[in-house]
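Throughout, residue positions are numbered sequentially from 1 according to the sequence presented. First listed ligand is number 1; within each ligand, the first listed atom is number 1.
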Amino acid sequence: MPADNRRPPRTETRIIRTRARASQHREQVTPIYMASGFTFDSAEQARAVYGGEQPGFVYTRWDNPNSAELTARLCELEGAEAGLPMASGMAALFTILAGLLNSGDHLVASRSLFGATHQLLTTILPRWGISHTYADCELTDTWPGLFRPETRLCLVETPSNPGLTLVDLAWVAQLCRERDVLLVVDNTFATPVIQRPLALGADLVVHSTTKFLDGQGRTIGGVVLGDRLVINELTHFARQTGPTLSPFNSWLLSQSLETLSLRMERHCANALALAEWLSTRAGVEAVRYPFLPSHPQAALARRQMAAGGGVVTFEVSGGLPAGRRFLDGLKMCNIVANLGDVRTTVTHPASTTHSALTDGERRATGITPGLIRVSVGLEHIDDIVADIDQAIRG
Ligand SMILES: *Cc1c(COP(=O)(O)O)cnc(C)c1O
């Protein structure tokens with residue numbers, strides 16, 4: 001992937017200036033390559049490109065100029081050697097777990113996981129004899145005892161969805177390195193703008209690009225990034241199983257990355273302001289945000305994150321009925337299961353994203369019946385606060 005003629009030093013510049021080679025039309029912005037296959041000049045060229053001896057594209061289930069541009073930009077963002085764009089965040093997670101683990105293998109996972117990731121570990125992987133043990137994020141003393149001789153992989157999500165619990169990445173990377181266990185970090189909530197797990201020792205980073213990376217609520221997508229040898233292994237798995245990201249979604253996502261750092265600055269500033277305001281508002285309990293001093297892991301947050309992220313959680317006094325009344329009272333903020341949008345979106349995890357968990361599983365991951373998750377958007381902060389204020393008042 002050729003960058004523009006100079007190689008500028010800063011990430012924001014590199015994201016914008018890294019692009020697919022222009023066609024003979026010299027377009028300023030990369031077009032969408034809606035082509036399932038690519039042609040060759042000769043039998044020899046077809047053989048060489050197909051075999052990976054020569055650069056080029058073969059077939060869009062494998063690769064495409066749009067997905068290649070997206071991958072190059074994501075690698076710049078995460079500081080990764082290689083990457084693999086996928087049709088969704090779950091496709092990325094499934095590709096990692098099914099592509100790297102064998103029957104009889106075991107993994108350790110942080111307990112606070114995205115609902116579908118939890119379902120993948122508990123209802124799908126056991127069918128192939130792959131087992132897991134959950135580790136409680138805040139009980140770090142218990143972690144070393146959870147690894148077994150057959151533990152191959154450790155999966156953590158930090159900050160977690162929706163509990164906003166953190167895992168100390170440098171610490172867990174060391175734990176994994178000593179045991180020859182691959183560390184996979186779901187970096188969806190932080191984004192590489194505020195947290196770069198590979199630099200802290202992780203082997204692979206996974207994203208649901210559906211969230212802040214797209215940031216405009218348009219596409220479903222995912223990506224795995226990391227060491228070239230591991231990505232090569234996953235590429236082999238993905239090329240045969242087919243969870244490819246389409247050229248159109250790759251193109252949209254690649255453009256979204258051009259504004260990512262700008263958007264994250266505003267998401268984080270608005271989220272911090274909302275969290276601070278909620279902390280002083282009567283009728284609100286348990287406000288949680290990584291950069292609030294009241295967060296139990298606030299010191300760790302400041303150490304491994306450049307900002308607190310775009311998500312705030314809280315409870316309205318009065319439990320489940322009060323939480324439901326609050327949602328029904330919102331006039332501007334959308335009630336959506338998704339997050340990471342320019343629009344402020346509000347979710348009630350217990351009845352939506354984490355409804356498939358048992359009461360006990362929800363309690364263990366800090367999802368109380370009245371918990372409200374706000375993905376703070378890019379509207380003016382005064383309008384966000386005003387809407388939430390009037391909905392709390394009821
Ligand atoms: C949304 C999400 C996923 C799943 O991603 P999809 O794009 O919806 O498949 C995985 N992990 C986290 C932390 C998420 O928020």
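No side-chain N or O of Arg14 forms a donor-acceptor pair with one of Thr18 less than 3.5 Å apart. With 3.5 Å as the limit, one finds no donor-acceptor pair spanning the side chains of Arg393 and Gln390. Side-chain contact check for Glu315 and Thr368: at least one donor-acceptor pair (N or O, by modelled atom type) lies under 3.5 Å.
Considering both main-chain and side-chain atoms, Leu339 never comes within under 3.5 Å of ligand 1 through any nitrogen or oxygen pair.
Numbered from 1 in the order shown, with element, the atoms of ligand 1 that lie under 4.0 Å from a heavy atom of Gly89 read 5 (O), 6 (P), 7 (O), 9 (O). Taking a cut-off of under 4.0 Å to the non-hydrogen atoms of Asn161, the atoms of ligand 1 that pass are 15 (O). Numbered from 1 in the order shown, with element, the atoms of ligand 1 that lie under 4.0 Å from a heavy atom of Ser88 read 7 (O), 9 (O).
Scanning for salt bridge (Lys or Arg N to Asp or Glu O under 4.0 Å) contacts around Arg288 gives Glu138, with sequence neighbours left out. With sequence neighbours excluded, the residues satisfying ring pair (Phe, Tyr, Trp, His ring centres under 6.0 Å) with His132 are Tyr134.
In this structure, the protein non-hydrogen atom closest to atom 14 (C) of ligand 1 is Lys211 NZ, 3.0 Å. For atom 9 (O) of ligand 1, the nearest non-hydrogen atom of the protein is Met90 N, 2.9 Å. Scanning the protein for heavy atoms near atom 4 (C) of ligand 1, the closest one is Phe114 CE2, 3.4 Å.
Here atom 5 (O) of ligand 1 lies nearest to Ser208 when heavy atoms of Gly221, Ala337, Ser208 are compared. Considering only non-hydrogen atoms, atom 11 (N) of ligand 1 lies nearest to Asp186 out of Asp186, Thr188, Thr117, Thr158.
For the atom pair Asn270 CG and Ile381 CD1, the distance stands at 4.5 Å (nearest 0.5 Å).
Relative to the ring axis of Phe326, Lys331 does not place its NZ or CZ within 45° and under 6.0 Å from the centre.
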